[in-house]
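I have placed the structure first, in the form of structure tokens, so that the comments after it can refer back to it.
Each chain gets a letter, A, B and so on, in the order its sequence line appears, and its residues count up from 1.
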Amino acid sequence: MDVKFYGVQFISDNATIFISMKSAELPKNYNPSDYESAIFDLWQKNSAFEPNSGVKNKNKKPFSIIMPPPNANGSLHAGHLMYVVEDIATRFARMQGRPTLWLPGTDHAGIETQFVYEQLLAKKNLTRHDLGQDKFYKEVDAFVRGQQHNIVSSFQSMGFSADWDKLKFTLDDDITETVFDTFKRLHDDGLIYRGNRIVNWDPVTQSAYADIEVTHIEREDELYYLDYGTLVIATTRPETIFADVAIAVNPADDRYKDLVGGLATIPLVDRGIPVIADDHVEFDFGTGALKVTPGHDRNDYEIGLRHDLPQITVIDFAGNMINVPEDYAGLSVEEARKKVVTALEAAGKLIKREPIVHSVAIQDRSKAVIEPLITEQWFMRVTELNKPVIEAIERDEVKFYPKRFKKIALEWLKNEHDWCISRQIWWGIRIPVFYKTSTDSTKKDYIVAVDEKEAIEYYGAGNYRAETDTFDTWFSSGQWPYATLLATDDFDQFYPTSTMATARDILHKWVTRMIMFGIYKTGKVPFENVYLWGMVTDEKGQKLSKSKGNYEDPMKITAEYGTDALRLALSIGITPGNDGKISQEKIKGYRNFCNKTWNVSRYILANTSDMKTLKTPELLSSADHWMALALNEAIVSVTKDIENYRYSEAGQATYSLLWDKLADQYIEYSKQSTNPEMLAYCLDIVLRLLHPFAPFVTEAIWQQLPWKESILITEEWPNVILKPDVAASKNFELEIIEVLSARQKQQDSVQLAKLNKEIKAKKNLLLLIEAKLANQSFVENAPASLVEGERSKLKQTQNELTDLEVAVENIKVSE
RNA sequence: GGGCGAUUAGCUCAGUUGGCUAGAGCGUCUCGUUUACACCGAGGAUGUCGGGGGUUCGAGUCCCUCAUCGCCCACCA
């Protein structure tokens, strides 16, 4: 570990340069692709990403970020680009000399990945059922593990300085062990139960889902008014009349007062059902009478429980009709609806139909319409568990950036219902439960057991069956912070972690649950700060996506403009919690900035080539004082801004320091009177400040410094050292003004000369045209169009002359 | 129905606890082939900070209200 080497082999088109020899001449323009991969290798070879790399003071507070695990099977997409802020935070902390860990990992992403793989299978005319659960799982596992390097190498090419050797995967044994352990504890504590409840069922993926995985979309359907004998009801789902168990009206509704307690009749099947009164029913909707179908509607299910009504199921897991008259059995919901409506119409039971816009629940990923069904699922009682979470957030033990998400998180936590954690998805962590199949009445119906051995011990061979359900992906990823740190032996040093930075749309799904699991399992919040970002969109605010054609592969962008340019575009002008717009123009602007950085360095290096050590410069001229003041101010403000998650402002301050102050003012001045030590010092500071944002170009330059043999990534964050004199600095400002006005005068005189020359030319032209028009024979004999042309030319020239004279006046006035 | 955010130059956006004579980048216009950079330099133009009202010595910033756009949550027979 003591042996460090800094020689980087930079690959250029025609030559290979060993930078350890400090190449004498740098190319005029910075070409990122010549350096980036070599720089990343340099960091890796020097173990720069390891937590204690560059740590000068072990007593400094450790800094850690757990990377939100991207889908192992995916590729870099717009959402991942914002991970740049995690890298900025990590690099900053590392340079501050804190033990720094950015722990990377990937997610098996249950339904996402299963969906992708099923589509691959579909191309071979196969479904997962052709393979069976075990074989399917193995195939997906092999597929995912084969793909995993894609995302990792994309992240690395973004320059992400995570500790890649520690990469974790949500299905790693040491992770699942922790997940099992949590499940068992929760179960023992009575916080997990198995129940037969109405859930969001997706007939396409054939699994239950939590409420939060369901989206509501507006759709136009028809509202049917049906004759139920004693009254008329309105429904959008006539196919479910076979599962009706009651008609409900509002208890205060006078229209139906006398009917409550009596019967209504389901048309087509002529079954009598009671009329009941329930507050849930609204007066104004439809007829004010509601058919109650506990088996297939969330609210009806609740009404059913309140009134002790039976539950009838007429739709199966695939979304087809069952337990219905023969005519409809086996039909899909849509087919059945049409057929039932036709039959109702024929029977004279369809009173009227009208269009209605209402919202329909669909599954986030499959987009299938959710069919509420009553099934056996595993649930977690979150109300109790959320209480300490709410307290912790209220006490700011977890701080939100931006602040407004604190309120949003609290609101959600206070209203969360029991969480359905079981999925009938095959790609995921199997719930560690075994069921009794024997009739032995001394044995429990099921046991929670991590492996089969325990089940054999308890039930005896052949007397049990394993649970086939898997965990909701968020059940395992909710435990990601401590599960990963335990697996890498970093828990003691780095838990609780410093910052969780992630997309704002998974605040509920993920962030709040990590806090919940963290507090339950470790007694501590899993992170002290939460930083949330929005979507990355194009300049019009449209979500970037391949199908919309506004998404270019980031790797193509970085190849053309450089990774640093993309990183800067993602960190400047984008504020926490809000959508970030990027465009090619913006990226190009930062490419130019990187090149500016390169050339500033080139200039300074050319003026300091004989410098072997970097000394604290003496401030000689007023310009030195002015520049020192600018440096000091930048150090203070950039540090403060990064500490407070104001990356945009930190980046902008650095940008302005380098371009406006150093390049445009100080260097321009230094061409008259040079202070090489000060120039070298400026470069040193600027590179350090810029490094978290633009790590590649700054490191590439750092490798060229004749006075330094180190890697910038683990160099120290700058402190204020210089003591400039404010009065001297003011003098320089006055000097600048003088220089500028002199320059302006010079420019004006050039301009004036030019204008006067033009005026003279115009005047001559004018004379010529006037002479032509004064010629009687020309006016009388030439074609009319030609004469007209000369006249308009005359007018135009007169106008132009006036404009020029006005311009001259303006310059004179401004002086 | 409940909540949150946005509205600032032609475009994209900053603007922290009220102190602003309101900024940046891009674009635009004028000038410039100065040996760090044309992926450049110098300079200019462009704003009743969405409308209305209020608090204050002072409001882009705080309060009320209206409008438009976007997002989240709940619900919709």
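Spacing between atom CG of A:Asp579 and atom P of B:U7 amounts to 13 Å, rounded to whole angstrom units. Rounded to whole Å, the distance from CG on A:Asn599 to C1' on B:A36 is 5 Å. Across the protein-nucleic acid pair, A:Trp598 atom CH2 and B:C37 atom P stand 14 Å apart, rounded to whole Å. Between the OH atom of A:Tyr647 and the P atom of B:A14 there is a distance of 17 Å, rounded to whole Å. Rounded to a whole Å, the CD atom of A:Glu649 is 16 Å from the P atom of B:G23. Rounding to whole angstrom units, CD1 of residue A:Ile356 and C1' of B:C75 are separated by 12 Å. Rounding to whole angstrom units, CH2 of residue A:Trp412 and P of B:G3 are separated by 18 Å. Distance CZ (A:Phe593) to P (B:G25): 12 Å, rounded to an integer number of Å.
As judged by a 4.0 angstrom heavy-atom cut-off over every strand, A:Ser601 is placed among residues making no nucleic acid contact. Within the nucleic acid shown, A:Gly573 comes within 4.0 Å of sugar-phosphate atoms alone, with no base atom in reach, counting heavy atoms only. Nucleic acid contact class of A:Ala663 (heavy atoms, under 4.0 Å, all strands): base.
For the pair A:Lys671 and A:Lys581, both in contact range of RNA chain B, the more 5′-proximal nearest nucleotide belongs to A:Lys581.
Here A:Tyr655 and A:Phe693 keep their ring centres 6.0 angstrom or further from each other.
Between A:Tyr647 and A:Tyr531, the ring planes are perpendicular. Angles over 60° get that label, and only those under 30° would be called parallel.
Out of B:G3, B:G15, B:C37, the shortest distance to the side chain of A:Lys407 is found at B:G3. Closest to the A:Asp641 side chain, of the nucleotides B:C37, B:U16, B:G41, is B:U16. Checking B:C72, B:A14, B:C4 against every side-chain atom of A:His508, the shortest atom distance belongs to B:C72. Minimum atom distance to the side chain of A:Asn592 is reached by B:C40, of the listed B:U16, B:C40, B:A36. Of the candidates B:A42, B:A36, B:U16, the closest approach to any side-chain atom of A:Lys596 belongs to B:A36. Comparing atom distances between the A:Asp664 side chain and each of B:C75, B:G41, B:C4 picks out B:G41 as nearest. Comparing B:A36, B:G5, B:C40 against the side chain of A:Ile667 picks out B:A36 as the nearest.
Relative to the ring axis of A:Tyr603, A:Lys671 places its NZ or CZ within 45° and under 6.0 Å from the centre.
The base of B:A36 lies close enough to the side chain of A:Glu668 for a donor and an acceptor atom to sit less than 3.5 Å apart. Between the side chain of A:Lys28 and the base of B:C37, no donor-acceptor pair under 3.5 Å is found. Side-chain atoms of A:Arg591 come within donor-acceptor range of the base of B:C39, with a qualifying N/O pair under 3.5 Å.
A side-chain N or O of A:Glu354 and one of A:Tyr225 form a donor-acceptor pair less than 3.5 Å apart. Remark: the A:Thr293 side chain and the A:Lys291 side chain contain an N/O donor-acceptor pair separated by less than 3.5 Å.
The residues A:Lys414 and A:Glu394 are annotated as salt-bridged, a charged nitrogen and a carboxylate oxygen being separated by less than 4.0 angstrom.
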